[in-house]
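All values below were derived from every heavy atom in this structure, side-chain atoms included, with hydrogens, water molecules and symmetry-related copies excluded.
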Amino acid sequence: MFAYLVRRIAAIVPTLIFVSMLIFGLQQLLPGDPAVVLAGEDRDPTVVAYLRQKMHLDEPLPVRYVYWIKGVLHGDLGESLRMQKPVRELILEKLPVTIELAAFAMVIALLIGVPMGILSAVRRNTAWDYAANAIALWGLSTPNFWLGIMLILLFSVTLGWLPASGFVSPFEDLKANLAALVMPAFVLGNAIAAVLMRHTRSAMLQVLSSDYVRTARAKGLSERGVILKHALRNALIPVITLGALELGTLLSGAVLTEQVFTIPGFGKLIVDAVFNRDYAVVQGVVLFTATAYIVLNLLADIAYVVVNPQIKVQ
Amino acid sequence: MRTPLPLRWSVLLAGALALFTVAVNAQTTLRFGLAEDPDVLDPTLARTFVGRIVFAALCDKLVDIDEKLGIVPQLATSWEWSADNKALTMKIRPNVTFHDGEKLDAAAVKFNIERHKTMTGSNRRGELAPVSTVDVVDPSTVRINLSAPFAPLLAQLADRAGMMVSPKAAQAAGEKFGANPVCSGPYKFVERVAQDRIVVERYKDYWNKGDIHIDRIVYLPIVDSTVRLANLKSGQLDFIERPAPSDIPALRNDSRFKISKITEIGYQGITINVGKSDLAQKNPLGKDPRVREAFELALDRQGIVQVAMDGEGTVGNQWVAPDNPFYAKNMPVPKRDVARAKALLAEAGVPNPTFTLMTPTTSDGQRVAQVVQAMVKEAGFDVKIQSTEFATSLDMADKGQYDAYVLAWSGRADPDGNVYSFDGCKQPLNYAGYCKPEVDDILNKSRTTGDAAERKKLFEQLAALALKDRPIVYLYHRHWLWAYTTKLSGLRPVPDGLVRVQGLKFN
């Protein structure tokens, strides 16, 4: 186990180096001179020159990469030239918001997706199944920004129940925090619920037709016991894997949803940074989320081994 | 142990009284929806239009502009030009303090102008380029010395270049000043959460505190105009800037809201590559002035405003709007004349010229491009639209990789700010690549002439040249639009699009 851990952690290092190069390299493909964009409407030549120098834009690409990675290794992700704020601070400011929104969305997705998946598998080819499938299809095919705006029009403008956008810290006002997050979380959760439902359904169908389920039924167990205790537990393994992956995606920022609901999370941060060519922010945030993703993956792999020693450690 | 009854009553009474007091003294907060997220809140470094809206509450300027674009006193109570127009002496308002309690005097003004001129990365350096030195004549008098006469100086001082920050705070914070700006405006900075909100609160020692009626302002950047409007309608915001023109008719019919508007000092136009790169000579539009004239004659500006802006714009054909005192009356808005356009094209030997019209992916820009494409088709033009992300489009324009480009300018109070950098040879915003010594001569003269009537004549001469060469075909001037709750009153629309907080109050 220990050797496995060491090997896995050692494998992360080249991955991260590769990822950092990819982030840096891909960003250079963005057209437009970042100094010109950042210099604002007036584009004063002396300001452009100053920004170019500050961003080391006149130096060759590998040298710029070294400047950046050197800082990263010292825990310095650079500074946002637009907001004049260290990228690390920006990440720390946005991270709790993104985590809360992602967790909230995931809870909604699980609460809708899993029960619906079970229902449609157990009541296969009935009206229940068709209805669940129709809902899933709706969830998958509804664009987030459209659903978001429709919810705002209904719950904020017409009914006046929820705030139309914005974010309030839970430490400031928990009720206002939940009210601000319920719509964006639903929009995000709704799409993921559809995916979870489809996977739960197919996994359940597979498990329900397996031998041990037939044995369990033959033993005279109640149908409820068979489904919840025997079938669901096994069917959930792929669903959990998928859920973890979806959570990872959510943590890297829900761009459109954050934009519509003006949630100051990672998604909004990255989009604004890309359009303003605030390179340090884009690089910093993408590197951070990529690292988080890799680490989460590692933790998931370790968890598999811990939970199921049958998964041989090669 | 039981609390004695009278004591319980008195506690209750005290509680009720406290509640009542809170209700009476309830803080008034204005929740203000911005269309973008401002950049750094340091007047020297700031670059965005929307940042100037926040500065209007935070930082007073030496002078301000009024509804008619006249220069009016703010921190300077009066001013006087020297006979040779090379020195501007200003009297500084007495008893003004910065938010940190420091005194605002002539020395502070000197510090600020020098900071604008010397700070690394300053965006004000170009605006104040002709300023050579600043003298403190006495504690309340400052003299700004110029290397050459510079008529637009006062207009520059009515914007960020005239904003004064606390020298003590600026020296202590260095380039981090923008994280916690200390100025002398009606409101002082409280906090900023990037991309979420900027909070300011009333400065109790403001020199003009009688005009300030709201305790707190929370600026919330909400980029999507539909969401901004939804927030206003649901009561989450009291005020929004730049609602979509298409939403105005519905808002007008809603008794809960008021709308204010004024014609901007900027413009929407189409820049034509007449000399920025070799492409200019390869395309009849860039090469032949007759083709450009035909292009302009094929346009129905009122139609463009109606379709692209839902009527929320004023047609125009110059760098300033027709109601501006510097509008050149010798060059009025030309009427659409498709027959003449066709004749000009035939004369130029290109009855069906083809060119690409680049536009940023903004909805305004794209709509303008589509309407223009349809209109000029009638005269024989074959226009291909190229929608390009804004930063990329700027880069392409800068490199001359375009034929024509839909570009807007937010405008400056002095006409110089709308034309010098665009029409002067090799100026930074001259995307057209236009260069004519006579034009440069007039532009430079207009800067050194102090007399308004004389400047007006110069701009007429300039119009007669540049509007015929058409490096830019000006289309219209947008209306600055504001929508807000009827509970709010006292809004004074100014053509620069900034919201003055003086006089704003909840009824």
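In this structure, the portions of B:E175 lying under 4.5 Å from any heavy atom of chain A include both its backbone and its side chain. In this structure, chain B has heavy atoms under 4.5 Å from both the backbone and the side chain of A:S165. The parts of A:F275 that come within reach of chain B are both its backbone and its side chain, each placing non-hydrogen atoms under 4.5 angstrom from that chain. Using a 4.5 Å cut-off between heavy atoms, B:A179 does not touch chain A at all. Both the backbone and the side chain of A:V260 come within contact range of chain B, with heavy atoms under 4.5 Å apart. Residue B:D42 does not touch chain A at all, counting heavy-atom pairs closer than 4.5 Å. With a 4.5 angstrom heavy-atom cutoff, B:L237 does not touch chain A via any of its atoms. Residue B:S410 touches chain A through both its backbone and its side chain, counting heavy-atom pairs closer than 4.5 Å.
Contact record, B:D39 with A:R82: CB-O, 3.5 Å, taken as the closest heavy-atom pair. Among all heavy-atom pairs drawn from B:A194 and A:P264, the shortest one is O-CB, 4.1 Å. What you find for A:V47 and B:S122 is that their closest heavy atoms are CG2-O, 3.0 Å. Annotation for A:V37 and B:A391: closest pair CG2-CB, 3.4 Å, computed over non-hydrogen atoms. Considering all non-hydrogen atoms of both residues, A:A164 and B:Q236 come closest at N-CG, 3.8 Å.
Heavy atoms of other residues, nucleotides or ligands lying less than 6.0 angstrom from CZ of B:R216 number more than 12. Heavy atoms of other residues, nucleotides or ligands lying less than 6.0 angstrom from CH2 of A:W138 number more than 12.
Side-chain contact between A:L269 and B:Q195 is present, with heavy atoms from C-beta onward closer than 4.5 Å. Considering only heavy atoms from C-beta on, B:T120 stays 4.5 Å or farther from A:K54 through its side chain. The shortest side-chain heavy-atom distance between A:D44 and B:E127 does not fall under the 4.5 Å cut-off.
Contacts with chain B were tallied for A:L30, A:L162, A:L153, A:V157; A:V157 has the most, counting heavy-atom pairs under 4.5 Å. With chain B as partner, the option from A:V36, A:I149, A:D272 having the largest number of non-hydrogen pairs under 4.5 angstrom is A:D272. For the set A:K85, A:Q259, A:K94, the entry with the most heavy-atom pairs within less than 4.5 Å of chain B is A:K94. Considering only heavy-atom pairs separated by less than 4.5 Å from chain A, the leading option among B:P38, B:S421, B:S393 is B:P38. In terms of non-hydrogen atom pairs under 4.5 Å with chain B, the most contact-rich of A:G160, A:A39, A:P34, A:P45 is A:A39. When the candidates B:G121, B:P428, B:P221, B:G235 are compared by the number of heavy-atom contacts under 4.5 Å with chain A, B:G121 comes out ahead.
For the pairing with A:I152, the side chain to side chain contact (heavy atoms under 4.5 Å, CB included) check across B:N231, B:T226, B:V227 returns one residue only, B:V227.
The line from CG of B:N123 to OH of A:Y50 is 10.5 Å long, rounded to the nearest 0.5 Å. Taking OG from B:S234 and CZ from A:F155, the interatomic distance works out to 13.5 Å, rounded to the nearest 0.5 Å.
Between B:K176 and A:E79 there is a salt bridge, since a side-chain N of the basic residue sits under 4.0 Å from a carboxylate O of the acidic one. A salt bridge links B:R197 to A:E172: at least one charged side-chain nitrogen sits closer than 4.0 Å to a carboxylate oxygen.
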Steps toward salt bridge (charged side-chain N to carboxylate O under 4.0 Å, His left out) verdict (B:E389, A:R277) = CA-CA 12 Å; B:E389 183 254 345; A:R277 301 292 191 271; 2.7 Å; yes
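Side-chain atoms of A:K268 do not come within 3.5 Å of backbone N or O of B:D196 as any donor-acceptor pair. No donor-acceptor pair under 3.5 Å is formed between the side chain of A:R43 and the backbone N or O of B:L429.
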